[in-house]
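Only heavy atoms go into these numbers, but all of them, side chains included; no hydrogens, no water, no symmetry mates. Sequence positions, counted from 1, serve as the residue numbers for this chain.
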Amino acid sequence: MLRPILNTWRDRRTLNGLWRFATDPGGAGRDQKWWQAPLPGRVEMPVPASFNDVIPDPAIREHVGDVWYQTDVVVPASWAGERVVLRFDAATHRAVVWVDDEQVAVHEGGYTPFEADVTAVVRPGRTSRVTVVVDNRLSWDSIPPGHVEQTPEGPRQRYHHDFFNYAGLHRPVWLYTTPATHVSDVTVRTGLAGTTGTVDYDVVITGSDDVETRVVLRDASGTEVARAAGASGTLTVGDAHPWRPGEGYLYTLDVELWDGGSPADRYSLNVGIRTVAVDGTRFLINGEPFYFTGFGMHEDHAVRGKGHDDVSMVHDFALLEWIGANSFRTSHYPYAEEILDYADRKGIVVIDETAAVGLNLGLGGGILHGAKQPTFSAETVSDATQRTHLQAIRELVARDKNHPSVVLWSIANEPESHTEESKKYFEPLFTETRQLDPTRPVGFVNVMLSPSDKCLVSDLADVVMINRYFGWYTQTGDLTAAERELEADLTAWAHRHSKPIIVTEYGADTMAGLHSVVPQPWTEEYQAEFLEMYHRVFDRVDAVVGEHVWNFADFATSAGVFRVEGNKKGVFTRDRKPKAGAFTLRRRWSRP
């Protein structure tokens, strides 16, 4: 799905700002058709933002069910004759949209965009009312899964992942135009042979077939370097400047539609010429071995929750540069596309992950409200869940396929993977991802409960990605024993699979300002020694090609006796102050 852009043939307006907002604890709004009038009992709510923490009210923070957003939109008179589209970059976790009294969109999935052609509904030069109902409930059929428990105090959302269930309109909302005949999709796939680059392109056109397609590629200075005609083809670039880690060099691809000798539409997107491959235990970018250094991260900030914010984005990337990181994983859901655009420009490598977290009922205990139920069954994670998961993968690839920063698809985090049911569930997901995008490796993130001799799903993956917490959840406080167990585990994975190993999570909860002469769990000294121990082991296992610390910064979780104001495994506090571990990583990752 192409992002809205502004040029001679296309216009766009952001609908960000203060919207009317109402919770619907009784679920009456749909029956009473709240979209037909101003919302009852409304307050103002900023968009984009999670609604949970903006207003200090437990009834809002812990609300389960529908919330309603509404705003008035003036459609410019100059848009007469144009195709008009209403787009939401994300609505967590599902949404129904009305323009005035007409329903225009329904979407399942909280982290990928959806849109509706509203040309026949709006009147240029007049005001329209946009109403959205967002349902934050998780079910066994949703990605991520969860279930609602009915208690004497009311419904309580239970879920099986360790971050807070922030919800709402987290990302920008747009009203934009295209010509009636327009470029509706572009796919690029790049290659390198010596110094020669190639850009294979496919353009999808909606509207009239009687148009000519012209494609022009320009370098960063704006100089034309290749040109072609036709909706599909290959552009060849001599002496190409590759996109590479640490140097986000981008070309611009202009796709133009011509009708009767006149330009009718143009869409422009950034293109990074680079290759990605797996060769034995090596992960290659542009044919060169790449070693991942960085983090699992969260879209998580005080007050706005998962709401996107350019200020925080730029600051977080500056901290990544300061600490010497070259990559991150979008744990555990697709991030705002603005973040991927910025990673493209900064040369930061991204592991792009779906929202499939919590597909493991063997995890959690008291922290994650674990249940003594099978993970995969007709009553829990079922064929319906798998269909939702497949659609989530399709939408992720459709949105992010052209970003050079994205080098690896992660289709799930810490699912059950040691049973025949889990293998049956995941096989079609791997197949579908590879069919959608044969240019990138595909993997999933393995959990400690499924070691190398038990896991049945890793055989399906191109890369081994594993989360390990020796010295924290096991061997707590005993780093000598933890070092022995970690090395044995990684060595076993290396012997069983001739694949690259990325340790996608390792870390220890750390309270900023807590110190001890003899390192003890929760102290800053223990976090630093924990990280140093892991690094010694990584350096002894050749198959390890990456280290992503859990986590970049502290983040909010559901309430629990093991969580004090959230998860404290960040090397930065939630407000981005460094702990001792941050300096440990900076010394390692910034060395020549």
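Annotation: side chain of T206 is not in contact with side chain of T181 (no heavy-atom distance under 4.5 Å). In this structure, L340 and R399 have side chains that are in contact, with non-hydrogen atoms separated by less than 4.5 Å. Inter-residue side-chain proximity for F444 and V457 is flagged as met; some heavy-atom pair is nearer than 4.5 Å. S417 has its side chain within reach of N446: a pair of non-hydrogen atoms, C-beta onward, lies under 4.5 Å apart. Under the 4.5 Å side-chain criterion, counting only non-hydrogen atoms from C-beta, V188 is not in contact with D200.
Between D31 and K33 there is no salt bridge, since none of the side-chain N atoms of the basic residue sits less than 4.0 Å from a carboxylate O of the acidic one. A salt bridge is absent between K306 and D300; no separation between the charged side-chain nitrogens and carboxylate oxygens falls under 4.0 Å. In summary, R10 and D265 engage in a salt bridge, as defined by a charged side-chain N under 4.0 Å from a carboxylate O. With respect to the salt-bridge test (charged N to carboxylate O, under 4.0 angstrom), the residues D462 and K499 do not qualify. Comment: E108 does not engage R387 in a salt bridge, judged by the lack of any side-chain N to carboxylate O separation of less than 4.0 angstrom. Comment: R3 engages D341 in a salt bridge, judged by a side-chain N to carboxylate O separation of less than 4.0 angstrom. Salt bridge annotation for R214-E212: present, with a cationic side-chain nitrogen under 4.0 angstrom from a carboxylate oxygen.
Proximity of the aromatic rings of Y342 and F317 is defined here by a centroid distance below 6.0 angstrom, and this criterion is met. Taking the six-membered ring wherever Trp is involved, the centroid distance between the rings of Y335 and H308 does not fall below 6.0 Å. Side-chain rings of F295 and H548 stay apart, their centers remaining 6.0 Å or farther from each other. Aromatic pair H170/Y333: ring centres not closer than 6.0 Å. Ring pair F88/H107: centre-to-centre distance not below 6.0 Å. When ring centroids are compared, F292 and F283 come within the 6.0 Å threshold.
With rounding to the nearest 0.5 Å, the separation of CZ in R227 from CG in L217 is 11.0 Å. The CG atom of L250 lies 10.0 Å from the CD1 atom of I273; values are rounded to the nearest 0.5 Å. Rounded to the nearest 0.5 angstrom, T14 OG1 and D89 CG are separated by 9.0 Å.
Looking at D210 and S208, their side chains never bring a donor and an acceptor atom within 3.5 Å of each other. For the residue pair E414 and H161, no side-chain donor N or O sits within less than 3.5 Å of a side-chain acceptor on the partner. Between the side chains of R83 and T119, no donor N or O sits under 3.5 Å from an acceptor N or O.
In this structure, the ring pair (Phe, Tyr, Trp, His ring centres under 6.0 Å) partners of W34, at least two apart in sequence or on a different chain, are W68. Shown here are the salt bridge (charged side-chain N to carboxylate O under 4.0 Å, His left out) partners of D254, two or more places apart in sequence or in another chain: R218. Partners of E288 by salt bridge (charged side-chain N to carboxylate O under 4.0 Å, His left out), not counting sequence neighbours: none found.
Note that R129 lies outside the cation-pi zone of W35, set by a 6.0 Å cut-off to the ring centre and a 45° limit from the axis.
Within 6.0 Å of the CZ atom in R123, the count of heavy atoms belonging to other residues, nucleotides or ligands does not exceed 12. By the 6.0 Å contact criterion, CD on E321 is open, its count of non-hydrogen atoms from other residues, nucleotides or ligands being 12 or less. Counting non-hydrogen atoms of neighbouring residues, nucleotides and ligands closer than 6.0 angstrom, the CG atom of D279 exceeds 12 such neighbours.
A donor-acceptor distance shorter than 3.5 angstrom exists from the side chain of R94 to the backbone of R137, with no hydrogens or angles considered. Counting only distance, with no hydrogens or angles, the side chain of D344 and the backbone of S405 share a donor-acceptor pair below 3.5 Å. Distance alone, capped at 3.5 Å, places no donor-acceptor pair between the T196 side chain and the G238 backbone. Counting only distance, with no hydrogens or angles, the side chain of N402 and the backbone of N270 share no donor-acceptor pair below 3.5 Å. Not a single donor-acceptor pair under 3.5 Å links the side chain of S142 to the backbone N or O of L138.
Closest approach of N136 and N165 over heavy atoms only: O-ND2, 3.2 Å.
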